[in-house]
Chemist: 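My structure is below; once you've seen it, I'll send some questions.
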Amino acid sequence: MSLDKSPHSCSVQNVTRTWDGNGAVHVRVPGKINLVLAVGPRRDDGYHELVTVFQAVGLYDDIVAEPGEPGEFSLTMRGEGSEELAVDETNLAIRAARLLADEFRSPKLGVRLAIRKGIPIAGGMAGGSADAAGTLLACSVLWDLDTSPDDLRDLGAELGSDVPFGLMGGCAVGTGRGERLTPALVRGRYQWVFAFADEGLSTPAVFRQFDELGLGTGAPQLPNGIMAALASGDPRALAASLRNDLQPAALALRPELGELLDFGLAHGALGAVVSGSGPTCGFLTAGESQAIDLSGDLTANGLCRSARRVVGPAPGARLLS
Ligand code: C5P
């Protein structure tokens, strides 16, 4: 099994299946940033009502699914930090494969999964959700199941709030706990720089901190202008609309992120925001050359582990072979 094969085909909506020699299926899934994350109070079920604008960005996890023995659900992972992740039944990818198999009630289904992480782990970019999204698509193709994109998104919502968006990609407004999606009109390509931290942040811990700070008192609402900014394709307009209600909670847990955000703004970023629950920070720039410069400055400054230039929006989970 190899994750390094060159792509042959890429379409989700009109799945054209191209199988490689051993019958493996290869899917690529993007990470995301929340351009807006407006968070309301904690609900009775423990989740927070929110309104968000997701943008998928060009940092990817790759998932290869090979036929397994009946009832076999196994996983190997590689990529930075992946040795910290459990590859047992608690892993979201295994849970996704099992959920899909249970849905079709066939004891003959089995899969060997191999994941290469390109999305930072516990970084606020929905890397775990991406693996679940990609596994749902890969297994439905591997097992030749009759599933529509809507079916997969519904199953994805059972696995995590961000999983449906990993399947959809592009740009979308998310409501509920983030799982109810409406595609957003977006023009242009946005040049981001992402700065990665040495250590991840736990999403539940950041939401807990949000509650402890007494935030999220009213119904969450999109700020004025965000949809018009996206439709305009003007990065300056989008930068002015960036907002993350979880940012004060992430900064309370990691005060050094404040310095990192300020540094990016002082070195050419049009806007800077903590990605989701953090600690990854996203810096929106005016164009490619500004992004190249900022990426170099952030890499050199020692305030983050590394920095990388990334373009958004990116397509959702797609079949490569
Ligand atoms: O949905 P998911 O399992 O990815 O969420 C992880 C955790 O993040 C939840 O257990 C909850 O603590 C928190 N969360 C929340 N409100 C949301 C989404 C996530 O409180 N809308």
Side-chain angles (χ1 to χ4, degrees), residues 29-56 59 61 84-86 88-100 115 117 119-136 152-169 172-182 200-222 243-254 273-280 316-317:
V29 201
K32 61 85 190 163
I33 185 166
N34 303 80
L35 305 174
V36 167
L37 183 49
V39 184
R42 192 174 176 275
R43 308 191 308 207
D44 290 344
D45 65 1
Y47 285 91
H48 293 70
E49 195 69 19
L50 54 83
V51 183
T52 186
V53 181
F54 290 110
Q55 181 167 103
L59 271 182
D61 280 3
E84 298 163 22
L85 294 174
D88 58 16
E89 300 292 319
T90 61
N91 190 291
L92 218 45
I94 298 269
R95 286 175 49 205
R98 279 203 182 277
L99 181 66
L100 189 63
I115 296 181
K117 300 291 302 173
I119 306 170
I121 291 161
M125 297 190 72
S129 301
D131 297 344
T135 299
L136 287 174
L152 293 184
R153 282 204 285 272
D154 288 348
L155 284 177
E158 292 181 35
L159 293 158
S161 310
D162 293 337
V163 180
F165 182 70
L167 287 158
M168 180 187 264
V173 176
T175 54
R177 54 190 172 85
E179 85 287 14
R180 281 191 246 133
L181 298 175
T182 309
L201 268 176
S202 141
T203 301
V206 175
F207 273 102
R208 260 196 315 275
Q209 184 71 31
F210 176 87
D211 295 337
E212 277 164 27
L213 291 172
L215 303 169
T217 44
Q221 283 186 337
L222 288 185
R243 173 183 141 190
N244 180 358
D245 287 356
L246 289 182
Q247 190 161 305
L251 293 191
L253 295 170
R254 291 284 167 80
V273 70
V274 168
S275 179
S277 54
T280 307

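Atoms within each ligand, like the ligands themselves, are counted from 1 in listed order. Remember, predicted model here, so these are calculated numbers, not experimental data.
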Chemist: Relative to the heavy atoms of G160, which atoms of ligand 1 are at a distance of less than 4.0 Å?
Modeler: 1 (O)
Chemist: Can you pull out the closest protein heavy atom to atom 8 (O) of ligand 1? Residue, atom name and distance to 0.1 Å, please.
Modeler: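 Sorting protein heavy atoms by distance from atom 8 (O) of ligand 1 puts T203 CG2, 3.4 Å first.
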Chemist: Does any N or O atom in H48 lie less than 3.5 angstrom from one in ligand 1, N or O only?
Modeler: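 By distance alone, the answer is yes.
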Chemist: Treating D61 as the side-chain partner and V29 as the backbone partner, does any N or O pair qualify as donor plus acceptor under 3.5 Å?
Modeler: no
Chemist: Do any N/O atoms on S129 end up under 3.5 angstrom from N/O atoms on ligand 1?
Modeler: no
Chemist: Does even one non-hydrogen atom of G178 get within less than 4.0 Å of ligand 1?
Modeler: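 In this structure, G178 fails to qualify as a contact of ligand 1 - no heavy atom is under 4.0 Å.
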Chemist: Counting non-hydrogen protein atoms only, what is the nearest one to atom 7 (C) of ligand 1? Give residue, atom name and distance.
Modeler: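 Result: P204 CG, 3.9 Å.
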Chemist: Has the side chain of S275 got a donor or acceptor atom that lies under 3.5 Å from a matching backbone atom of G124?
Modeler: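 Side chain of S275 to backbone of G124, a donor-acceptor pair under 3.5 Å: yes, one is there.
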Chemist: Kindly identify the option in G276, P220, S161 whose heavy atom sits closest to atom 2 (P) of ligand 1.
Modeler: S161
Chemist: Answer yes or no: is there a donor N or O on one side and an acceptor on the other, between the side chain of R254 and the main chain of G200, under 3.5 Å?
Modeler: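 At least one qualifying donor-acceptor pair exists.
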Chemist: Could you list the atoms of ligand 1 found under 4.0 angstrom from a heavy atom of G46?
Modeler: 20 (O)
Chemist: Can you classify the ring geometry of H48 versus F210 as parallel (below 30°), tilted (30 to 60°) or perpendicular (above 60°)?
Modeler: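 H48 and F210: perpendicular rings.
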Chemist: Can you tell if the side chain of L50 reaches within under 4.5 Å of the side chain of L37, non-hydrogen atoms only?
Modeler: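 They are in contact (side-chain heavy atoms under 4.5 Å apart), so the answer is yes.
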Chemist: Is a side-chain N or O of D245 found less than 3.5 angstrom from the main chain of V39, in a donor-acceptor match?
Modeler: yes
Chemist: Determine whether the side chain, the backbone, both or neither of Y47 has a heavy atom under 4.0 Å from any heavy atom of ligand 1.
Modeler: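 Within the 4.0 Å criterion, Y47 contacts ligand 1 through backbone and side-chain atoms alike.
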Chemist: Would you say that Q55 contacts V53 through its side chain, given a criterion of any heavy-atom pair below 4.5 Å between the two side chains?
Modeler: no
Chemist: Touching ligand 1 at all, D162? Heavy atoms, strictly under 4.0 Å?
Modeler: no
Chemist: Got the closest protein heavy atom to atom 13 (C) of ligand 1, with its distance?
Modeler: F207 CD1, 3.3 Å
Chemist: Taking CD in Q221 as the centre, count heavy atoms belonging to other residues, nucleotides or ligands within less than 6.0 Å. Is the count above 12?
Modeler: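 Counting other residues, nucleotides and ligands, CD of Q221 stays at 12 neighbours or fewer.
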